[in-house]
Amino acid sequence: MTLPQRLLAVCLLSFGVLLAGCQPSKPTFNSIDITGANYARDFVLTDASGKKRSLGEFRGKVVAVFFGFAQCPDVCPTTLSDFAQIKEKLGADGERLQVIFITVDPRRDTPTVLGSYVSSFDPSFVGLTGTADEISATAREFKVFYQKVPGKTDLSYTIDHTAGSYVFDKDGRIRLFVRHAAGVDAIAADVKQLL
């Protein structure tokens, strides 16, 4: 190799190293990164006012979606309470976090019940319901499991369900699966990166 060829090779190698150093690093999340997943793409369900809502109308905000039911004794209120604390922890940026609670109990969770339930945690939270078929189809789209567990009376049943939340970025792309009880600080840090 001649001297000019060696110099050219060294220059090209140095340029490649510089370019590699300029590439933005991939974010590291506390939650499970599911960026690019081919599920949890959308929903069309009914809010407390009877209006049909879909994921697309929340673009520009980071969106957290959680499936549960209003009579849930522990997982659901804990999750919604955690997201209320996360919004508060984010300060003014908390206005750019939208929490959506989708019921897996459309029989008891009417739009009015859901509206009252979610707003008791934060007035900006949205509760969604639909027909049993709509809820089932949405749960399948999000790969969410739920199953009725009979109680002593027809209306005293409980429901086993997936306890994690999905988080979408401002462009409406699925990014994270958050395990139940992941911790307010850890989830807030993830949301902050997406904001």
Side-chain angles (χ1 to χ4, degrees), residues 27 29-70 76-77 79-106 109-131 134-144 146 161-180 182 184 186-195:
F29 296 107
N30 297 303
S31 303
I32 300 169
D33 188 342
I34 58 171
T35 301
N38 65 350
Y39 56 91
R41 293 167 291 214
D42 204 359
F43 55 77
V44 178
L45 296 168
T46 306
D47 70 11
S49 69
K51 179 182 175 188
K52 290 286 187 183
R53 308 295 292 267
S54 67
L55 186 60
E57 68 188 86
F58 298 100
R59 292 229 172 165
K61 292 185 173 191
V62 170
V63 177
V65 176
F66 178 72
F67 287 74
F69 63 110
C76 302
T79 299
L80 292 173
S81 178
D82 285 353
F83 275 111
Q85 291 176 58
I86 290 162
K87 278 194 73 156
E88 189 175 314
K89 185 177 259 313
L90 292 170
D93 283 340
E95 295 304 312
R96 298 188 297 148
L97 170 63
Q98 179 62 60
V99 176
I100 297 172
F101 180 83
I102 298 175
T103 186
V104 293
D105 186 13
D109 290 349
T110 64
T112 304
V113 167
L114 276 177
S116 176
Y117 180 68
V118 297
S119 66
S120 70
F121 295 94
D122 185 281
S124 73
F125 288 7
V126 173
L128 298 176
T129 189
T131 66
E134 289 170 335
I135 297 298
S136 177
T138 303
R140 277 194 310 276
E141 171 62 24
F142 279 72
K143 297 189 181 294
V144 165
Y146 67 99
H161 62 90
T162 300
S165 304
Y166 291 95
V167 178
F168 297 79
D169 66 18
K170 296 180 295 180
D171 296 318
R173 295 177 303 210
I174 185 71
R175 297 298 300 274
L176 303 173
F177 180 78
V178 180
R179 291 184 183 105
H180 173 64
V184 169
I187 302 168
D190 288 349
V191 170
K192 197 161 193 165
Q193 284 191 79
L194 294 175
L195 288 171

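All values below were derived from every heavy atom in this structure, side-chain atoms included, with hydrogens, water molecules and symmetry-related copies excluded.
- Enclosure of atom CD in E141 by more than 12 non-hydrogen atoms of other residues, nucleotides or ligands within 6.0 angstrom is indicated.
- Residue F67 comes nearest to V144 through the heavy atom pair CD1-CG2, 3.6 Å, listed as atom of the first residue, atom of the second, then distance.
- Between the CD1 atom in I187 and the NZ atom in K89 there is a gap of 11.5 Å [rounded to 0.5 Å].
- Here the shortest heavy-atom pairing between N30 and A186 reads ND2-O, 3.0 Å.
- Taking both residues in full, the closest heavy atoms of R179 and I32 are given as NH2-CD1, 3.4 Å, listed atom of the first, atom of the second, then distance.
- At a threshold of 4.0 Å, the pair K51-D47 does not count as salt-bridged, since none of the basic side-chain nitrogens sits closer than that to a carboxylate oxygen.
- Considering only heavy atoms from C-beta on, V118 stays 4.5 Å or farther from V126 through its side chain.
- Counting non-hydrogen atoms of neighbouring residues, nucleotides and ligands closer than 6.0 angstrom, the NZ atom of K52 exceeds 12 such neighbours.
- Judged purely by atom type and a 3.5 angstrom limit, D109 uses its side chain to pair as donor or acceptor with the backbone of A70.
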Evaluate side chain to side chain contact (heavy atoms under 4.5 Å, CB included) for C76 paired with H161, printing each intermediate quantity in order. CA-CA 10 Å; C76 302; H161 62 90; 3.4 Å; yes
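- Atoms OG1 and CG, on T138 and L45 in that order, are 4.0 Å from each other to the nearest 0.5 Å.
- The structure places CZ of F58 at 4.0 Å from CZ of R53, a figure rounded to the nearest 0.5 Å.
- Rounding to the nearest 0.5 Å gives a distance of 8.5 Å between CD1 of I135 and OG1 of T46.
- Rounding to the nearest 0.5 angstrom, the gap separating the NZ atom in K87 from the CZ atom in F121 is 14.0 Å.
- Side chain of S119 to main chain of S116: a donor-acceptor pair is present (N/O by atom type, distance under 3.5 Å, no hydrogens or angles).
- Looking at heavy atoms from C-beta onward, Y146 lies out of side-chain contact with D105 at the 4.5 angstrom threshold.
- Summarising the geometry of Q193 relative to P27, their closest heavy-atom pair is OE1-CB, 3.2 Å, with the distance given to 0.1 Å.
- Two residues are said to be in side-chain contact when any heavy atoms from C-beta on lie closer than 4.5 Å; L90 and K192 meet this criterion.
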The test is side chain to side chain contact (heavy atoms under 4.5 Å, CB included); show your working for I174 and Y39 and say whether it passes. CA-CA 8 Å; I174 185 71; Y39 56 91; 5.7 Å; no
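- Considering every non-hydrogen atom in both T162 and K143, the closest pair reads OG1-O, 4.4 Å.
- Side-chain contact check for T129 versus T110: every heavy-atom pair is 4.5 Å or farther apart.
- Taking the side chain as every heavy atom from C-beta outward, E95 and S124 never approach each other to under 4.5 Å.
- The CG atom of D33 sits 6.0 Å away from atom CG of L176, with the distance rounded to the nearest 0.5 Å.
- Using a distance-only test at 3.5 Å, with no hydrogens or angles considered, no donor-acceptor pair links the side chain of D171 to the main chain of R173.
- Between F101 and F66, the ring planes lie tilted relative to each other; the angle falls in the 30° to 60° range.
- Residues F29 and V167 have side chains not in contact (no heavy-atom distance under 4.5 Å, counting atoms from C-beta outward).
- Between L128 and L114 there is no side-chain heavy-atom pair separated by less than 4.5 Å.
- Taking the six-membered ring where the residue is Trp, F43 and F142 present tilted rings, their angle falling between 30° and 60°.
- Shortest non-hydrogen contact noted between A163 and T79 is O-OG1, 4.5 Å.
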Let me see the working for L55 and Y166 under side chain to side chain contact (heavy atoms under 4.5 Å, CB included), right down to the final yes or no. CA-CA 12 Å; L55 186 60; Y166 291 95; over 6 Å; no
Pair Q98-F168, side chain to side chain contact (heavy atoms under 4.5 Å, CB included): steps then yes or no: CA-CA 10 Å; Q98 179 62 60; F168 297 79; over 6 Å; no
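- Side-chain contact between D122 and V99: absent, with no pair of heavy atoms (C-beta onward) separated by less than 4.5 Å.
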